[in-house]
Structures are given as C-alpha cells and as structure tokens.
Amino acid sequence: MEQFQGQNSTPPSGSIDKSRVLEIKPLRCLVPIFPSQPNSTSFNTPQGAAPFVCSSPSGPFPPGAAPFYPFFGVPGSQGPHGHNPQTTPSQTPPFRFNTPVSDAVPINSFRAGDTTPSRKVTRRNAKSQPQDGVAGEADTDAEGVNTRLRKKGSMDPEVDNILTSLNIITLDPARQNDGDKDSVEYALLIFDLLRRKIAQIEDSKGSSPGIIKRPDLKAGTILMTKNSRTNATKRMGSVPGVEIGDIFFFRFELCLVGLHSPSMAGIDYLRVNLEEEPVAVSIVSSGGYEDDVEDGNVLIYSGQGGNLNIDQKLERGNLALKNSLERGKEVRVIRGVKDVANPSGKVYVYDGLYKVEESWVEKGKGGCNVFKFKLIRLRGQPEAFTMWKLIQQWKDAISSRIGVILPDLTSGAESLPVSLVNDVDSEKGPEYFTYVPTIKYSKEANSTDFSSGCACAGGCLPGNQNCDCIQKNGGYLPYVANGVVANAGQLIYECGPSCLCPPNCKNRVSQGGLKVRLEVFRTKDKGWGLRSWDPIRGGAYICEYAGEAIDNSNIEALDRDMDDYLFDATRSCPPILPSDSSEDMKMPFPLAINAKNVGNVARFMNHSCSPNVIWQPVLRTNNKEPDLHVVFHAIRHIPPMTELTYDYGMLPPEKMGRRKKLCLCGSSKCRGFFAI
DNA sequence: GGAACTCAGCAGTAT
DNA sequence: ACTGCTGAGTTCCAA
C-alpha cells in the first residue's frame, strides 16, 4: 500500500526534507530584495549592495523577501475560496514567486466522478489479474466468515478465562453514547489490561514465522462487541472525558473513547443531516517530527487515498475536510509521534481543536495529485504537542530548561540523568541524601527462595515450559513487548544472579535501570515530586524503591523523621479495577525500606488516592542473599510532565495510629488520609 | 540500528 | 463490498 505518510508536517523553519519538496518547488531560491526598507542593513553584504538573498522556503525571511506558496498560503487570488483569513491585504506578500499558476489548482475541480479513473475500478482490475486469483478470493471469503464468527466470542478458552477474571463491565447505554472521565478511564484501562493478558498468552504459544500477532485488535474487538466503549455517538468538538494532552499507544484506544472512530483511516467525518455533505470531526497525523523548530500550532495534513500512481480524489475524508474549511468547523487533531521507548511504535497525542485554514493540491512523489490541508490550532487551549517539542529542546540542551538546580541529581548513578527543577519557589533542593539506584540489604532477611535459577543460555523465551523462572510465574513470562508487565499488583519472579540467562533476558526488566527521563520537581503544595519527560506506557517499568531494607518488626521504633521516606510493604492499597476481587499481594518475606539517608528517585513520589503508578514486589532468583525489590509500574499511559503518584495505601486500624497522614491529592476519590 | 517492505487485520461508510 | 496516516515481524542496507 503506497501512502503519503510523512508528508504532513509542521512547516519547519530550519531544515526541510528536500526529497519531498524539490519536485514541487526549489528548496532554496534567490529572492530579489526590493528596497522596501531603505535603512535595513542586516542582510546587506559587506559591499553594501545585496541584489539577492538566500532564504529557505519556510523562512525566516529578510525584510522585503516574501514567503511563497505553498509553504505559507495560497496567493490570494488563486485561493480556492477567494480569501485567506490569515492574510489581510496589508499582509499580502509584496512579492510573489513566479509560480506556474497550474500548481495552485482550485480544490473543487477534483470532485469525484471527474475524468480520473476511479480507484474502485482499478482495484477490481487488480483483483481479476492472475496473481490474485479466484481461489484467493474464495479463501478471503471463508476467512471473512470466520472473522465474523470470532466476533461472537474470543474462541480461546484462556482468553475467556481472562474475560471472566477481569469482570468486564458493559457500560450503561447512556455512558456508551456520552461518556465522562470515569468511563474513558475505564475503557482505556480495561483495553490495556486485556491487551496485555492476550499478548502474554499469545507469546507463550511461541512464534511461527510470518504470523503477526495483534493483541491490540483482539482486545479491541472483544470490547467493541461487549460495548465496553464510551462516547460512541460521533460528535464535533471536544469529547467528554478526554483531555487535551492525553496520550494513546494504539489506534483502537482512540476508537474506544470516541476520539477517532476508524481503526486505520486518518480522517473521521460526520454527516450532520442528509441534506448536507459530511464534515470532518477528527484527523490523525502520523508524520513524526524531524523538522521541529516551528511553534507546533500549525499542521499541514495530506489527504487520504491515492498512491504513487493514482490521484487523490475529493471524496470521503478529503471532501469532509474541505467542507470543514468552507463551513469554518473545528476538527480534533491527534498527532502521532515516534515513541522514544519503542522506535517502531507510535504515541498518539490529542492536541485539541484546530480549524482548516486552507487547502490546495500538490504533486506527490509519483507525480500524482495529493490534497494538502493547512490547519491552525485554536487559541486558549492547554499545551500538548508544543510541550513535546519543548521537552526535545530540554533534552538537546538542559540549560534551556527554566529552574534547573541540578542537571543530574544521581551524579551518574543511573543510566539516564534525573534533573532537579524548581520553578515554583526559592527552595534550593531537598535535604541531603546519598543516591543509590537499588535496595541495600544490610543483614540476613528471612528469604525462602534459594532455587538455583534457570538455564536459558540465550535468554528466557515465553513458551519455554522448561524454564524454572517461567514456571515460578505460573507458566508465563511476566512481561510482554516493551517491558510491559502483564499482570498488575502480583509478585513477579525475575531471573537473577543464579540464572544462566544473559542481562538482556526478557525476564530482567527491572534490572536495566531507568528507561524514561525523569525529573524531580517542586510541587505547589506537596514539597518535591516526580514526573517524566517521556510518555510512559501503561504497565511499563518506571523505577524501584531504593533504600535500606529494615526489619519490619522494628518500624514502630523508628525515628519519626524517617516517616516521610519509609516504604512499608505491609500496606494494602485498593485494586486497579474496582471489580477485581483477587486476594492481597503475597510477599515472600516482610519488607520495609528506609530511604531517608540512602535512596533513589522513588523517595520523591507523592501519594494520591487516584494514582497513575502502582508498586509490586519483584523477587530475583538468588541463592546467596535476599533479593526482593519493590518496583513501580504505570497503571495507565502517562503523558509527559504529569506528576507520578502511587497510593501509599492503608494499614489495619490498630496500626494506623501515628502513621496516618492527611491527604492533599485533591482527587475526587480522595479518602482524606493515607498510611506512611 | 533503522529504514523499507510485507501482510493480516477490523470498524465504518457506502452501495 | 470496500477502504485505510496499523502494528508487528522480516529483510535489507549502510555504517
């Protein structure tokens, strides 16, 4: 399938992808300067006479030189709609590049049903060709029937068991059609839990070459048939319960929360009534952002359909976007950006509402017509995509981050730096402590796990039932792709020093150090807190709780100063799913960690009654010493710069006593206090 | 190590 | 019936 991927972009002001632009317009050109500003000297040559100036097509432009179509607007009289709201007469470029008029074609002349051969015909022709064959079509039909049958249930007993254990709720019809924060959170949570469990089962069946597993599609289909979706009524404008800046890792997630319905197509549209043609409601731009110097409030979007050899047509999504332009309707924009943690994957950022400002037609790589739409972000919306660009600048040069106290408070102890930032008050930093990346056992704990470990020399493979470590985890590898934990809140048996598998074994996720770029920052009212510059997948490993392991029985005797930095693993916290009735987490031996004097980033994570992080115990196979760790995983996808919080939990009433603290989390589900 | 290629996949729309 | 800015796996190529 030949798409026009990557052609949508924020118009760059620095570099530009030459291969994509050269055939449309010269990349750099000599723009004559007219003496519009007699005193202007900045672009003069040493000799004083500067008949020409070198300028990138996207600027910046010296005084008197003009940006040129198509990068900054269709020349007024050539525009499809006769006027350009952004270009008033006084702003009209004083000079227009001598563009062949034929390039600025009125978009209406591309209406479907014109002279160009229809794609439908083309496809039928292709089907009738020998290589596709009649037998192939019959197989497809049979497969199609199977697919429809499969929709009735998962057709996999193990997946059915999961469905039972997850106790998926079919949302009431009102919330299926019009959601809220809770229904959106629920739909996303249940999708990801189901997806991860299906992935775990599929992985355990081993891989057969050529067969591509799509746990995302399986989970999505199940939830669609069970009506565990929300905002199913298509609408224009914002979607209840979905906030600007929310992130997604699968297209199906956009569908389940009503942000963007099609599972693949980039343009979603809606026919308000039968008399009117449809208008666009949302678009997904999967362009990536190589040339990101621009402010991020502009998007040049390529239309759908067509390919290297076939013109795009003004129908479906393309027509809807043109209608949105003409009627001044707002369009939701979801931007796809490369996932730093998984370069082959994408993160989708909901970037709020835009308006289509203009449209035109360009020749694509193969010389065929491609529609282009310029969208401008509505003002007054919270930052989203622009924040991502800002963070990239911080990564390139930490000095550009305002309020940095220390570029790396770990002094190199972690694989990634952790910056210390205060842009709120004059506090110079937290009390002194020694940074260690992992837990320190000072004396023998009552470890009961002295097994010798697995013998998987090439790394533990999901499906290998002879692997001791997989057996300890109930026959499954506890992690799925991207180091995401399959089950939240259970004891994980990781490979350890006694195992023969290499350090990159898939069952050593918590041993690879930090994977996301973290920042300790000054909160407004809770002292110091922790957040990430990178997006975090639901279930992804964040960090462990480092500090000095202490005997749980001595906790009550500890100095009260320790309280703020104490992790007591006997605390219980509510399950992620309200419907989850599984028993309390099993700890191999009692454990508490004191991070007052010695610790890592985890000591800065605050409590919340609506947390986005959960802890779980990890026992590494080690026949010499206790090797129990407390690690943190994301409960759901966490956008950059969102404070990371976990539920400190509760103690039995008789133990709460002095270890009860007033809660400041501000969540609607706040219990009022928590245990320390 | 990453870009290019390959292919099964499914919801929604149009017919 | 038909479409598409998927997503994961494989292959290939430039270092």
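Here the structure is a predicted model, which means the values were calculated and not measured.
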### Summary
Applying the 3.5 Å cut-off to both distances, the Watson-Crick or G-U partner of dC5(C) turns out to be none

### Query
Of the nucleotides dT13(B), dA8(C), dG4(C), which has the atom closest to the Phe250(A) side chain?
dA8(C)

### Query
Out of curiosity, Leu194(A) CG to Ile222(A) CD1, how far, rounded to the nearest 0.5 Å?
5.0 Å

### Message
Looking only at the side chain of Tyr269(A) (C-beta and beyond, no hydrogens), which of the listed nucleotides dT13(B), dT6(C), dG12(B) gets closest?
### Response
dT13(B)

### Test: Arg175(A) and Asp180(A) ion pair at under 4.0 Å
yes

### Message
Ring centres under 6.0 Å, that's the criterion: do His637(A) and Phe249(A) meet it?
### Response
yes

### Query
Under a 4.0 Å N-O cut-off, is there an ion pair linking Asp351(A) with Arg335(A)?
yes

### Query
Pick the nucleotide of DNA chain B nearest each of Leu217(A) and Arg271(A); which residue has the one closer to the 5' end?
Leu217(A)

#### Entry: Side-chain N or O of Ser263(A) closer than 4.0 Å to phosphate OP1/OP2 of dG4(C)
no

### Query
Taking OP1 and OP2 of dC5(C), is either one under 4.0 Å from a side-chain nitrogen or oxygen of Tyr348(A)?
no

### Task
Return no unless some side-chain N or O of Gln304(A) is found under 4.0 Å from OP1 or OP2 of dC5(C).
yes

### Message
Side chain of Phe252(A), heavy atoms from C-beta onward: which of dA11(B), dT13(B), dG9(B) has the nearest atom to it?
### Response
dA11(B)

### Query
Could you state the CG-P distance from Asn318(A) to dT13(B), rounded to the nearest angstrom?
16 Å

### Query
Who is the Watson-Crick or G-U wobble partner of dG9(B), with both distances under 3.5 Å?
none

#### Entry: Of the listed nucleotides dG7(C), dG12(B), dG4(C), the one nearest the side chain of Arg229(A)
dG12(B)

### Message
Judged by each residue's nearest nucleotide on DNA chain B, which is more toward the 5′ side, Lys234(A) or Arg214(A)?
### Response
Arg214(A)

### Task
Measure from the side chain of Ser261(A), starting at C-beta and using heavy atoms only, and say which of dC5(C), dT6(C), dG12(B) lies closest.
dG12(B)

### Query
With side chains defined as the heavy atoms from C-beta onward, is the minimum distance between Val242(A) and Tyr350(A) less than 4.5 Å?
yes

### Task
Name the residue closer to the 5' end of DNA chain C, choosing between Arg195(A) and Pro262(A) according to the nucleotide with the nearest heavy atom.
Pro262(A)

### Phosphate contact (dG9(C) OP1 or OP2) by Lys213(A) side-chain N/O below 4.0 Å
no

### Message
It should be established whether Ser344(A) places a side-chain nitrogen or oxygen under 4.0 Å from OP1 or OP2 of nucleotide dG2(B).
### Response
no

### Summary
When rounded to whole Å, the CD to C1' distance for the pair Glu315(A) and dA14(B) reads 11 Å

